[in-house]
> 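The structure that follows is given in the form of C-alpha cells.
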Amino acid sequence: MSRSASALLPRDTPVQLLDAEGVVHADAEFSMPDGETLRRAYAGLVNGRRINDQCNALVRQGRLAVYPASTGQEACQVAAALCLERGDWLFPTYRDSVAVIARGVAPAAAMVLLRGDWHSGYDPTEYGIAPQATPLATQLLHAVGFAHAARLRGEDTVVLAMCGDGATSEGDFHEAMNFAAVFRLPVVFFVQNNEFAISVPLSRQTAAPSLAHKAIGYGMPGERVDGNDVAALLAVLGAAVDRARAGNGPSLVEAHTYRMLAHTNADDDTRYREREAVQAWAGRDPLARVRTHLLDTGALTEADEAELAAAAEEIASELRYAMNANPQLDPEELFAHVYAERPETLDAQWGVLRDEIERTEVDS
C-alpha cells in the first residue's frame with residue numbers, strides 16, 4: 001500500500017484524550033482543548049442531558065409526538081455544534097436536536113417538528129442549520145449539494161453532515177461520499193456509531209473493521225474517535241473542519257458511542273439488547289469524565305456547577321411552558337406550501353377538509 005493510501009486509513013483504536021475516569025491521555029496528533037473551551041462544552045452537555053430528560057417527559061405527557069433521545073451521545077451533539085464557525089452549516093438527523101440547540105436555536109423552536117407541526121420551527125438560513133431529517137441519509141446528499149453550491153459561489157463555508165451507523169447502509173451515504181470526494185468538497189461526514197440501527201446491531205450492517213475504514217474507498221481520510229470524550233471530539237472534528245476549509249476535501253469521522261435509551265418512545269429496546277450491556281456504558285458517561293477533569297484542574301467549582309444546573313433547569317422550564325401551550329393551528333397551512341400555485345386537485349382536497357371541519361364545529 002502506498003504512503004498516501006496509508007494516510008487515509010483510521011487508527012486501530014479511537015482517538016481519546018480523556019478516559020472514563022477523566023484522566024488526560026496525551027496524543028501525538030491531537031491537542032487537548034483549553035479549559036475555557038472544555039467548560040463551555042461541559043455547559044452544553046449539562047443543558048443537553050436536561051433537555052433529553054425533559055423531552056422524554058413531554059412525550060409521556062402527550063406534548064411531543066415522538067422524541068429520539070441522544071442521552072449518552074451528548075458529547076457528539078455539543079462538539080458538532082462548537083467546531084463550526086458562524087458561516088458554516090450543520091445538516092442534522094432526527095436525533096440531533098441537542099446539536100441544533102447548541103448551535104443557537106431555541107429549545108422550544110427545535111421541538112416544533114417533533115410535536116407534529118409541518119415545519120422545522122426555525123429559519124435554516126438564520127442559524128446555518130438544515131431542517132432535521134427523518135429519512136436516513138437523505139440529508140447527506142443535501143449537505144454535499146449545499147457545499148458544492150457554496151464552492152461555486154466562492155463562499156468560505158464548511159458543511160458538517162451528521163448521520164448514524166444505520167445511515168451508512170443506505171445508498172445515499174455512498175453517493176454523497178463519492179461526489180464529495182471526487183469534487184473535493186468542504187464536507188465533514190460525522191457518523192455517530194451508537195451500535196444499533198433501531199434493533200439491527202452494527203455486526204449486521206458491515207463487515208468492515210470500522211465505519212471509518214469506508215473512507216479510503218472514496219479517497220478521503222477516515223478517523224475514529226471516542227464518542228463519549230468531548231475533548232477528543234472537539235480536537236478531531238476541529239481538525240477535519242480545518243482541513244475542509246483549507247481546500248483539502250472531505251473527511252469521515254466515526255464516533256464510537258452508545259444509545260443509552262430506546263430508539264424512540266415507540267421502541268422496546270429490551271427485545272434486542274440486554275440491560276447489562278446498556279449499564280456497561282453508564283460508566284463511560286460523557287458528562288462525568290469532563291466534569292472530573294474540570295474539577296481536578298480547577299476550571300470548574302461547585303458554585304459553577306450550581307449555576308450551570310440552574311441554567312439548564314430554566315431551559316427545561318421554558319420548554320415545558322412552550323410545549324404545554326396549545327398551538328393555534330390553521331388547517332389550510334397543510335396545503336399552502338405544496339405548490340407555488342395551488343392546482344385544482346389540491347383546492348378540492350382543501351374543500352373536503354374545510355367542509356368536514358365546519359360540520360364538526362356545528363355538531364359540537
Side-chain angles (χ1 to χ4, degrees), residues 44-78 80-81 90 92-122 129-136 139 162-167 192 194-200 257-273 275 277-279 281-282 285-287 309 311-329 333-334:
L45 295 178
V46 172
N47 290 341
R49 179 63 54 84
R50 187 65 189 91
I51 289 166
N52 275 321
D53 291 344
Q54 183 59 70
C55 288
N56 286 322
L58 287 168
V59 167
R60 294 192 294 271
Q61 295 162 10
R63 289 299 180 175
L64 286 180
V66 65
Y67 186 67
S70 59
T71 305
Q73 299 179 219
E74 291 95 347
C76 295
Q77 302 283 298
V78 171
L90 180 72
T93 74
Y94 54 84
R95 197 179 300 282
D96 298 324
S97 298
V98 169
V100 170
I101 294 167
R103 188 147 165 81
V105 175
M111 291 304 122
V112 163
L113 185 68
L114 298 175
R115 182 174 60 188
D117 288 18
W118 61 269
H119 57 82
S120 66
Y122 56 88
I129 307 173
Q132 288 182 265
T134 298
L136 293 188
Q139 76 280 3
M162 304 179 75
C163 69
D165 48 290
Q192 295 175 80
N194 63 18
E195 303 281 330
F196 288 94
I198 308 184
S199 60
V200 180
T257 184
Y258 198 76
R259 193 191 75 219
M260 295 300 292
L261 301 181
H263 176 69
T264 68
N265 50 292
D267 173 42
D268 178 10
D269 64 324
T270 62
R271 296 177 303 163
Y272 56 84
R273 61 183 188 181
R275 290 299 90 187
V278 178
Q279 287 305 310
W281 277 84
D285 191 333
L287 277 77
E313 192 56 48
E314 185 174 348
I315 291 173
S317 177
E318 292 174 356
L319 186 54
R320 282 196 305 273
Y321 179 81
M323 291 296 106
N324 279 309
N326 291 322
Q328 298 298 314
L329 302 178
E333 284 186 341
L334 290 169

> Is a donor on one side and an acceptor on the other found under 3.5 Å between the side chain of Tyr122 and the backbone of Gly104?
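Checking the backbone N and O of Gly104 against the side chain of Tyr122, no donor-acceptor pair under 3.5 Å is found.
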> Under 3.5 Å, side chain of Asp117 to main-chain N/O of His119, donor-acceptor pair present?
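Checked: no pair found.
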> Taking all non-hydrogen atoms of both residues into account, name the closest pair between Asn265 and Ala65 and its distance.
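For Asn265 and Ala65, the tightest heavy-atom pair comes out as ND2-O, 3.7 Å.
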> Rounded to the nearest 0.5 Å, how far apart are CG of Asp96 and CD1 of Ile101?
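That separation rounds to 11.0 Å.
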> Rounded to the nearest 0.5 Å, what's the gap from CD1 on Ile51 to CD on Gln54? Could you check?
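The distance works out to 9.5 Å.
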> With a 4.5 Å cut-off on side-chain heavy atoms, are Ser97 and Val105 touching?
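Side-chain contact under 4.5 Å: no.
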> Locate the shortest heavy-atom distance separating Ala197 from Gly166; write the atom from each residue and the value.
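So the two residues come closest at CB-CA, 3.6 Å.
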> Between Asn56 and Leu261, is the side-chain contact (heavy atoms from CB on, under 4.5 Å) condition met? List the steps.
CA-CA 10 Å; Asn56 286 322; Leu261 301 181; 3.3 Å; yes
> Taking C-beta and beyond as the side chain, do Gln132 and Gln139 meet within less than 4.5 Å on heavy atoms?
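Result no, sub-4.5 Å side-chain heavy-atom pair not found.
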> Do the non-hydrogen side-chain atoms of Asn194 and Asp165 ever get within less than 4.5 Å of each other?
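The answer is yes, as the side chains (C-beta and beyond) meet within the 4.5 Å cut-off.
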> Grab the two heavy atoms, one from Met111 and one from Cys55, that are nearest each other, plus how far apart they are.
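Shortest heavy-atom separation between Met111 and Cys55 comes out as SD-SG, 3.5 Å.
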> Using only atom types and a distance under 3.5 Å, with no angle test, would you say the side chain of Asp267 pairs donor to acceptor with the backbone of His263?
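At least one qualifying donor-acceptor pair exists.
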> Could you measure the distance from the CZ atom of Arg95 to the CZ atom of Arg259? Nearest 0.5 Å is fine.
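Taking CZ in Arg95 and CZ in Arg259, the distance rounds to 5.5 Å.
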> Is the shortest heavy-atom distance from the side chain of Asn326 to the side chain of Arg63 under 4.5 Å?
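A side-chain contact exists here, since the closest heavy-atom pair is under 4.5 Å.
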> Roughly how far, to the nearest 0.5 Å, is the OG1 atom of Thr93 from the CG atom of Leu136?
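Reported value, rounded in 0.5 Å steps: 8.5 Å.
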> Find the distance between CZ (Arg49) and CE (Met260) and round it off to the nearest 0.5 Å.
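CE of Met260 is found 8.0 Å from CZ of Arg49.
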> Give the C-alpha distance, both sets of side-chain angles, the deciding distance and a yes or no for side-chain contact (heavy atoms from CB on, under 4.5 Å) between Val112 and Trp118.
CA-CA 8 Å; Val112 163; Trp118 61 269; over 6 Å; no
> On a heavy-atom basis, which atom in Ser120 and which in Pro131 lie closest, and how many Å separate them?
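What the structure gives for the nearest pair is CB-CB, 3.8 Å.
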> Please find the pair of heavy atoms, one from Asn47 and one from Ala311, that lie closest to each other, and give the distance.
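Closest heavy-atom pair between Asn47 and Ala311: OD1-C, 4.4 Å.
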> Verify the distance criterion only: is there a donor paired with an acceptor across the side chains of Ser70 and Asn52 at less than 3.5 Å?
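The criterion, which ignores hydrogens and geometry beyond distance, is satisfied for Asn52 and Ser70.
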> Considering only NZ, NE, NH1 and NH2 on the basic side and carboxylate oxygens on the acidic side, decide whether Arg50 and Glu313 come within less than 4.0 Å.
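A salt bridge is present here (some side-chain N lies under 4.0 Å from a carboxylate O).
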> Do you know the tightest heavy-atom contact between Pro92 and Val100?
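Closest approach of Pro92 to Val100: CG-CG2, 4.0 Å.
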> Atom OH in Tyr258, atom CG in Asp285: separation rounded to 0.5 Å?
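Going from the OH atom of Tyr258 to the CG atom of Asp285 covers 14.5 Å.
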